[in-house]
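First comes the structure, then the notes that go with it.
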Amino acid sequence: MSLRQLEEAVNLRRGQIEQALKFLSMETPAPVFRDGAKWHRTAVHYRMDLERIRRLTAQRRVEWNEIGAFLDEPDCLMEFLARSLDDKDPQPCGKCANCAGDPIVARSYKRRLEEDAVRFLRRSETDLRCKKWVARDAFVQYGFEGRLPDELRAEKGRALSRWNDTGWGELVAEGKRRGHFDDDLVAATAEMIRSRWRPIPGPAWITCVPSRNRPELVPDFAARLGEKLGLPFLPLIEKAKDNEPQKLQQNRFHQCRNLDGVFTVVDKPSAEPVLLVADVVDSAWTMTVVAALLRRSGSGPVWPLALATAR
């Protein structure tokens, strides 16, 4: 099998598959070998070396305990490190926090610095880029193949925060738990769109990525955001069938196949630009697919917007 065929068969990232194959091919005797672009099994019956695994795990535990001891070390920190690395003549450095008797980084700070840090985090939204290439043979129902045509691709979007960060991310996480996003998130998102993002051509209407688990959560937020921005909210996207959580899909083929036939556009969309709202994005494949469906149904440019990114 080639790497691409292995990605289809095994829900692992390509890098993980490559590491496993490299590890197996270095065994003696090896249970696999490479011939050109294909990997083949040999007649060797492979078994995991459990004793080796136990030995390596024990070593990792020793190292982890050493980290704990380092944090509690009352004497020279550099001397502790030197001993841990088998230095034959460890000496106090005279420069670390323990030797100096004072923390290298101050443990207290002014209230103004904290306010400035929070303000910075709440204005540190990130770009949200959807995909250009889809996995071969993954979209049987939608028929997407290879490089998505420009007319089906989303514009460069924005994510208001990173999941659970101390800017807006904590409020997003709290809203997910409670089943309702706070009005402060609506105001912050509207302010970000108007003051810093300013997409051109500007969106003329709003829609959202729906969920069957919490069907009201994102539509409610999108509707309130639309009211704040003076834009109509049109719930034109429906989830046609359940699928596995997208965050569990580890490579491009499984990320694509897991979305095939999942969403439908239930009515003819406006040909004007649209703001596509989601709560949390990870790989951005869901936004990629929904944007392509909207464009194929006749919508104008699609601007993806997420409250948080899990990346």
Side-chain angles (χ1 to χ4, degrees), residues 3 6-7 10-32 34 39 44-111 113-118 120-122 124 126 159 161-174 176-177 245-251 254 280-283 308-311:
L3 275 175
L6 284 166
E7 282 184 305
V10 183
N11 185 20
L12 291 173
R13 294 190 300 275
R14 174 174 283 244
Q16 292 175 313
I17 296 173
E18 289 177 327
Q19 286 178 350
L21 291 169
K22 184 177 181 179
F23 176 85
L24 292 171
S25 66
M26 296 297 289
E27 292 288 279
T28 304
V32 300
R34 184 176 181 177
W39 286 88
V44 175
H45 179 64
Y46 179 73
R47 288 186 178 183
M48 297 288 286
D49 187 344
L50 299 181
E51 179 55 37
R52 182 182 186 185
I53 292 172
R54 281 192 287 268
R55 186 175 68 253
L56 291 174
T57 302
Q59 178 62 30
R60 295 295 176 266
R61 289 195 176 118
V62 168
E63 293 167 356
W64 179 248
N65 290 333
E66 284 185 327
I67 292 173
F70 175 80
L71 295 174
D72 295 330
E73 173 63 32
D75 299 320
C76 176
L77 297 173
M78 184 58 71
E79 187 176 5
F80 178 96
L81 290 175
R83 285 199 308 270
S84 297
L85 296 173
D86 299 325
D87 191 321
K88 294 181 180 179
D89 186 27
Q91 298 290 329
C93 69
K95 299 178 181 179
C96 70
N98 288 355
C99 286
D102 198 37
I104 302 299
V105 179
R107 294 179 179 176
S108 62
Y109 51 85
K110 295 181 180 179
R111 175 78 176 179
L113 181 62
E114 178 184 0
E115 293 172 352
D116 288 345
V118 172
F120 172 80
L121 285 172
R122 289 189 167 182
S124 59
T126 60
S161 65
R162 292 176 176 84
W163 177 254
N164 225 12
D165 72 17
T166 52
W168 294 112
E170 287 181 343
L171 201 57
V172 175
E174 180 184 339
K176 286 275 285 187
R177 287 190 293 269
Q246 193 65 10
K247 64 184 178 182
L248 299 182
Q249 312 311 309
Q250 297 297 308
N251 63 52
H254 285 269
V280 182
V281 298
D282 189 355
S283 65
T309 173
R311 283 295 174 96

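Residue numbers count from 1 along this sequence. It should be emphasised that the depicted structure is a prediction, and the values quoted were computed from it without experimental measurement.
- Other residues, nucleotides and ligands place more than 12 heavy atoms under 6.0 Å from the CZ atom of R122.
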Side-chain donor-acceptor pairs under 3.5 Å in residues 16-24, sequence neighbours left out?
unit_1: Q16; atom_1: OE1; unit_2: R13; atom_2: N; d: 3.0

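- Looking at residues two or more places apart in sequence or on another chain, you find a side-chain contact (heavy atoms from CB on, under 4.5 Å) between L248 and P245.
- Qualifying side-chain contact (heavy atoms from CB on, under 4.5 Å) partners for M26, counting only residues two or more places apart in sequence or in other chains: none.
- A heavy-atom distance below 4.5 Å is not found between the side chains of D282 and Q246.
- Going from atom CZ of R14 over to atom CG of L3 covers 5.0 Å, rounded to the nearest 0.5 Å.
- Classification of R177 and E174 as a salt-bridged pair fails, no side-chain N sitting under 4.0 Å from a carboxylate O.
- In this structure, R61 CZ and E66 CD are separated by 15.0 Å, a value rounded to the nearest 0.5 Å.
- Using a distance-only test at 3.5 Å, with no hydrogens or angles considered, a donor-acceptor pair links the side chain of N251 to the main chain of E7.
- Atom CG of L171 sits about 11.0 Å away from atom CG of N164, to the nearest 0.5 Å.
- Scanning all heavy atoms of the two residues, the minimum distance from S124 to L121 falls at OG-O, 2.7 Å.
- For the pair S25 and A30, the tightest heavy-atom approach, listed with the atom from each and the gap, is O-CB, 3.6 Å.
- By the side-chain contact (heavy atoms from CB on, under 4.5 Å) test, R54 is found to be paired with L50, E51, residues two or more places apart in sequence or in another chain being considered.
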Atom pairs and distances, side-chain donor-acceptor, residues 94-104, under 3.5 Å, sequence neighbours left out:
unit_1: N98; atom_1: ND2; unit_2: E73; atom_2: O; d: 2.7
unit_1: N98; atom_1: ND2; unit_2: D75; atom_2: O; d: 2.6

Show me the donor-acceptor pairs, under 3.5 Å and distance only, between side chains in residues 81-93 and residues at least two apart or in other chains.
unit_1: S84; atom_1: OG; unit_2: F80; atom_2: O; d: 3.1
unit_1: D87; atom_1: OD1; unit_2: D89; atom_2: N; d: 2.9
unit_1: D89; atom_1: OD1; unit_2: Q91; atom_2: NE2; d: 2.8
unit_1: D89; atom_1: OD2; unit_2: Q91; atom_2: NE2; d: 3.4

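- The shortest heavy-atom contact between C76 and E79 is SG-N, 3.3 Å.
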